[in-house]
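Input: a single structure, listed below in structure tokens.
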Amino acid sequence: MVQYALIVAGGKGLRMGTELPKQFLPIGGKPVLMRTLEAFYDYNAEIRIILVLPHSQQDYWRQLCREYCFSLPHAIADGGETRFHSVKNGLALVKTPALVGVHDGVRPFVAREVIARCYDLAAGKKAVVPVIGVVETVRRMGGKGSVTVGRDDYRLVQTPQVFDAELLKAAYEQPYTPHFTDDASVVEALGVSVFLTPGNRENIKITTPFDLKIATALIGSCSI
């Protein structure tokens, strides 16, 4: 089955504290976003990538591609007001039947085996989400204070979240609500259950200066 990857990159760098959007920051001599696209082509050279970028950032991205001689094929869709609207814009370029994975543009360290497993499982499960366990102690806040809760009952969600394309398109026909924090939550609003599979802990989302330090260390510890 045809495979798509929607790479969503709409960050403005506010939490990073830089004027340059975080997806364009260099790690190991190459912009974060380029490394993310390369991770998916490393998994499958035939995958169809749709990069979702704010319109105002697209000329700069093309400039970076020329500067770094970056020629991996990809289509570009306009980012929207929210992540929900950005994904919906990207889905307009997806032709069914297909599998489509939605991935954060600032997660360049997703493991090839995680990508492969998500797509393989989605062929049968229809909705697959990679997760990792919680290692810290977790407390739930309330009006009268807080209480420790069992961390074994919780998982941290990563991307790519991979779905049957027709299912995901149908889910994104729903009206937007602030409760839609990721693609799985949009699909679940249709009454569809998502299947969880192990992610990889290195698959961090680079959003703060500390994350950038971790990313630099990860680059230095492997031949990426």
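All values reported here derive from a predicted model rather than from experimental measurement. Quick note: residue numbers are just sequence positions, from 1.
Side chains of L168 and V102 form a contact here, defined as non-hydrogen atoms less than 4.5 Å apart. Between Q58 and H55, some side-chain heavy-atom pair lies under the 4.5 Å cut-off. The shortest side-chain heavy-atom distance between P31 and F70 does not fall under the 4.5 Å cut-off. At a threshold of 4.5 Å between non-hydrogen side-chain atoms, the residues R83 and V8 count as touching. Within the 4.5 Å cutoff, no side-chain heavy atoms of V110 are placed close to those of T159. Side chains of I76 and R62 form a contact here, defined as non-hydrogen atoms less than 4.5 Å apart. Within the 4.5 Å cutoff, the side chain of V134 has heavy atoms near those of the E136 side chain. The shortest distance between side-chain heavy atoms of L93 and Y4 does not fall below 4.5 Å.
Residue L212 holds its CG atom at 10.5 Å from OG1 of T207, rounded to the nearest 0.5 Å. To the nearest 0.5 Å, atoms CD1 (I204) and CG (D211) are separated by 5.5 Å. Between I47 atom CD1 and H74 atom NE2 the span is 14.0 Å, to the nearest 0.5 Å. Atoms CG and NZ, from D164 and K125 in turn, are 14.5 Å apart once rounded to the nearest 0.5 Å. With values rounded to the nearest 0.5 angstrom, Y41 atom OH is found 9.0 Å from E46 atom CD. Separation of atoms CZ (R48) and NZ (K95) is listed at 7.5 Å; rounding is to 0.5 Å.
Scanning both residues, V129 and A184, for their nearest heavy atoms gives CG2-CB, 3.7 Å. The two residues A215 and I206 have their closest heavy-atom pair at CB-CD1, 3.6 Å. Closest heavy-atom contact between S185 and H179: OG-O, 3.8 Å. The minimum heavy-atom distance linking P160 with P130 is given by the pair O-CD, 3.0 Å. Of all the heavy atoms in G105 and V32, the pair that sits closest is O-CG1, 3.8 Å.
Looking at S86, its side chain does come within 3.5 Å of a backbone N or O of G80 through a donor-acceptor pair. With hydrogens and angles disregarded, a donor-acceptor distance shorter than 3.5 Å links the side chain of R201 to the backbone of G133. Between the side chain of K169 and the backbone N or O of V94, at least one donor-acceptor pair lies under 3.5 Å. Without hydrogens or angle criteria, R35 side chain to P108 main chain gives no donor-acceptor distance under 3.5 Å. At distances below 3.5 Å, not a single donor-acceptor pair connects side-chain atoms of H103 with backbone N or O atoms of G101. A side-chain donor-acceptor contact under 3.5 Å links R107 to the backbone of N203. Here the side chain of Y172 pairs no donor or acceptor atom with the backbone of N89 at under 3.5 angstrom. At distances below 3.5 Å, at least one donor-acceptor pair connects side-chain atoms of Q174 with backbone N or O atoms of A171.
No single ILVMFWY cluster, assembled from side-chain heavy atoms under 4.5 Å apart, contains both I115 and L6. Note: the hydrophobic cluster containing L25 also contains L37 (ILVMFWY, side chain heavy atoms under 4.5 Å, direct or indirect links). A single hydrophobic cluster is not seen to contain both V52 and L33; linkage of ILVMFWY side chains at heavy-atom distances under 4.5 Å, directly or through other members, places them apart. Cluster annotation: M34 and L20 are assigned to the same hydrophobic cluster (Ile/Leu/Val/Met/Phe/Trp/Tyr, side-chain heavy-atom contacts under 4.5 Å, transitive). Following chains of ILVMFWY side-chain contacts shorter than 4.5 Å, one cannot reach V135 starting from V131, and the two form parts of different hydrophobic clusters.
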Identify all side-chain donor-acceptor contacts of residues 190-200 below 3.5 Å with residues at least two apart in sequence or on another chain.
unit_1, atom_1, unit_2, atom_2, d
T197, OG1, R117, NH1, 3.4
N200, OD1, A111, N, 3.1
N200, ND2, F109, O, 3.0
N200, ND2, E202, OE1, 3.3

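For E81, the CD atom sits in a loose shell: 12 or fewer heavy atoms of surrounding residues, nucleotides or ligands are nearer than 6.0 Å.
Taking the six-membered ring where tryptophan is involved, the planes of Y176 and F180 are perpendicular, since the angle between them exceeds 60° and thus also 30°.
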